[in-house]
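First the structure, in the form of C-alpha cells, and then the observations on it.
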Amino acid sequence: MPTVDLTGGAPEMIPDFCYLIERVKKLQPARHVIDRCNLTILLDRGYEDLGEFLAENKVEIIASMPCYSAENVNAQRGEGVFDGSIVALRLLNSLGYGMDPDLLLHLVYNPVGAFLPPSQVELEADYKREFKKHFGIVFNNLYTLTNLPIGRFASYLRRNNMLDEYMQLLVQAFNPTTINGLMCRNTISIGWRGEVYDCDFNQQLGMQWNNGGSKPLFLWDIDPESLDDREIMTGDHCFGCTAGAGSSCGGAIV
C-alpha cells in the first residue's frame with residue numbers, strides 16, 4: 001500500500017494537517033498515513049482532540065523517545081519533555097494505540113552522543129520492559145536511528161573537535177548489506193513547498209532534485225515512470241545510514 005509519511009519538526013502544527021490526512025485517506029488506491037509525532041503536542045491547547053482524530057483515521061504514529069529514563073530524555077530534548085511524553089503515550093494507549101492492530105505506535109531511539117546505536121532487538125526489549133513496569137505503557141516497535149553528521153549534531157561535533165573522528169567511525173563501520181534497505185531506494189522526500197529530495201537528510205542539506213541544470217524539480221514536475229532509474233544524490237552524510245546495522249525511516253536495516 002502506498003504510504004504518506006508526515007514528518008517535521010512537529011507536522012501537527014501545519015494548519016492543514018488534519019485536512020491533508022482526510023484528503024489523502026480518500027485517494028484511490030488507499031494510502032497508509034504515518035505521523036512522526038511530537039508527543040507533547042497532544043497535550044497543548046488547541047490540540048486536545050488530535051489523538052482521537054489520529055485514531056479515527058488509523059494513522060500510524062512514530063514518536064521520538066531517546067531513552068526510558070527521564071534524565072537522558074530531558075538532557076536531549078529539554079526539561080519536562082519526558083513527563084509530558086509519558087502522559088501523551090498513556091493517552092494514546094487509552095485510545096487503543098499499541099494494542100489495536102490498526103493503531104500502530106512505534107518509538108524511536110537515537111544515541112545521545114557520537115556513537116552508533118546498540119542492537120535494536122535488545123534495546124526494544126529493554127524499552128518494553130521498563131515502560132510497562134514503571135508506567136504501564138505498551139507500544140509496537142522500537143526503531144534505532146544513527147545520528148547523521150548534519151545540522152545541530154554536526155555543529156556539536158565541530159564545537160568539540162569530534163567531527164573527523166565520528167566520520168571515521170561511520171566510514172569504518174560501513175556495511176554494504178544495508179544498501180538495498182536505505183530509505184532513498186523506495187521513498188522520496190517532499191518539502192513543504194513541493195520540492196523533491198532523495199531523503200529527509202538531503203532535504204535538510206538543501207540537496208534538491210534538478211532538471212539537468214540549475215532549475216529545481218517539484219512534485220508536479222515529476223514523471224513517476226522515470227523514478228526507478230534516477231541516480232540518487234549522495235554525500236559523506238550517507239555513511240550514517242550505512243554504518244553498522246544501518247539506519248532508515250524504519251530503524252535498523254539488517
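For reference, positions follow the sequence shown, starting with 1.
- The backbone N or O of Asn141 sits nowhere less than 3.5 Å from a side-chain atom of Lys128 that would complete a donor-acceptor pair.
- Contact annotation: the side chain of Leu54 approaches that of Ile61 to within less than 4.5 Å [non-hydrogen atoms, C-beta and beyond].
- Among all heavy-atom pairs drawn from Asn210 and Arg230, the shortest one is N-NH2, 4.4 Å.
- Between the side chain of Ser247 and the main chain of Thr146, a donor-acceptor pair closer than 3.5 Å is present.
- Between the side chain of Asn57 and the backbone N or O of Val59, no donor-acceptor pair lies under 3.5 Å.
- Using a 4.5 Å heavy-atom cutoff, the side chains of Glu12 and Cys18 are not in contact.
- For Asn175 (side chain) and Gly244 (main-chain N/O), a donor-acceptor pair under 3.5 Å exists by modelled atom type.
- Taking CD1 of Ile41 as the reference point, atom CG of Leu43 lies at 10.0 Å (rounded to 0.5 Å).
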Would you give me the side-chain donor-acceptor pairs under 3.5 Å for residues 86-93, sequence neighbours excluded?
unit_1	atom_1	unit_2	atom_2	d
Arg90	NE	Phe135	O	3.1
Arg90	NH2	Phe135	O	3.2
Asn93	OD1	Val138	N	3.0
Asn93	ND2	Tyr97	O	2.8
Asn93	ND2	Val138	O	3.0

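- Looking only at side-chain heavy atoms (C-beta outward), Lys26 and Val24 stay at 4.5 Å or farther from each other.
- The CE atom of Met183 sits 5.0 Å away from the SG atom of Cys249 when rounded to the nearest 0.5 Å.
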Stepwise side-chain contact (heavy atoms from CB on, under 4.5 Å) check, Leu182 with Arg185: CA-CA 6 Å; Leu182 295 175; Arg185 302 296 296 270; 4.1 Å; yes
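- Taking CG of Asp200 as the reference point, atom CG of Leu148 lies at 11.0 Å (rounded to 0.5 Å).
- Asp5 places none of its side-chain heavy atoms less than 4.5 Å from the side chain of Thr187.
- Side-chain contact check for Leu50 versus Glu52: every heavy-atom pair is 4.5 Å or farther apart.
- Between the Asp198 side chain and the Met233 main chain, a donor and an acceptor come within less than 3.5 Å of each other.
- Between the CD atom in Glu195 and the CD atom in Gln203 there is a gap of 6.5 Å [rounded to 0.5 Å].
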List the steps and the verdict of side-chain contact (heavy atoms from CB on, under 4.5 Å) for His32 and Glu60. CA-CA 8 Å; His32 177 62; Glu60 179 178 346; 2.5 Å; yes
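- The shortest side-chain heavy-atom distance between Ile179 and Phe174 falls under the 4.5 Å cut-off.
- Smallest separation of non-hydrogen atoms from Val33 and Leu6: CG1-CD1, 4.2 Å.
- Between the side chain of Glu124 and the main chain of Leu142, a donor-acceptor pair closer than 3.5 Å is present.
- Each of Leu217, Asp221, Asn202, Leu219 was checked for a side chain to side chain contact (heavy atoms under 4.5 Å, CB included) with Trp209, and the lone residue meeting it is Leu217.
- To the nearest 0.5 Å, atoms CD1 (Ile21) and CG (Asp16) are separated by 11.5 Å.
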Give every donor-acceptor pair under 3.5 Å between a side-chain atom in residues 155-170 and any protein atom, sequence neighbours left out.
unit_1	atom_1	unit_2	atom_2	d
Ser155	OG	Gly151	O	3.3
Asn160	ND2	Tyr156	O	2.8
Tyr166	OH	Asn147	O	2.5

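- Note that CG of Leu103 and CD of Glu56 are 10.5 Å apart. Values are rounded to the nearest 0.5 Å.
- Under a 3.5 Å cut-off, the side chain of Arg36 and the backbone N or O of Ile34 do not form any donor-acceptor pair.
- By the 4.5 Å heavy-atom criterion applied to side chains, Asn110 and Thr144 are not counted as neighbours.
- The two residues Trp220 and Arg193 have their closest heavy-atom pair at CH2-O, 3.2 Å.
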Carefully, step by step, assess Val108 and His106 under the rule side-chain contact (heavy atoms from CB on, under 4.5 Å). CA-CA 7 Å; Val108 175; His106 311 300; 6.0 Å; no
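- Looking at every heavy atom in both residues, Leu116 comes nearest to Ala243 through CD2-CB, 4.0 Å.
- Using a 30° and 60° split on the angle between ring planes, Tyr109 and Tyr127 fall in the perpendicular class, above 60°.
- Relative orientation of the Phe139 and Phe131 rings is perpendicular, given thresholds of 30° and 60° on the angle between their planes.
- Between His237 and Phe201, the ring center distance fails the sub-6.0 Å criterion.
- Contact of the Ile62 side chain with the Asp35 side chain is not registered, since no non-hydrogen atoms from C-beta on lie closer than 4.5 Å.
- Of all non-hydrogen atoms in Thr234 and Met207, the two that sit nearest each other are O-CE, 3.7 Å.
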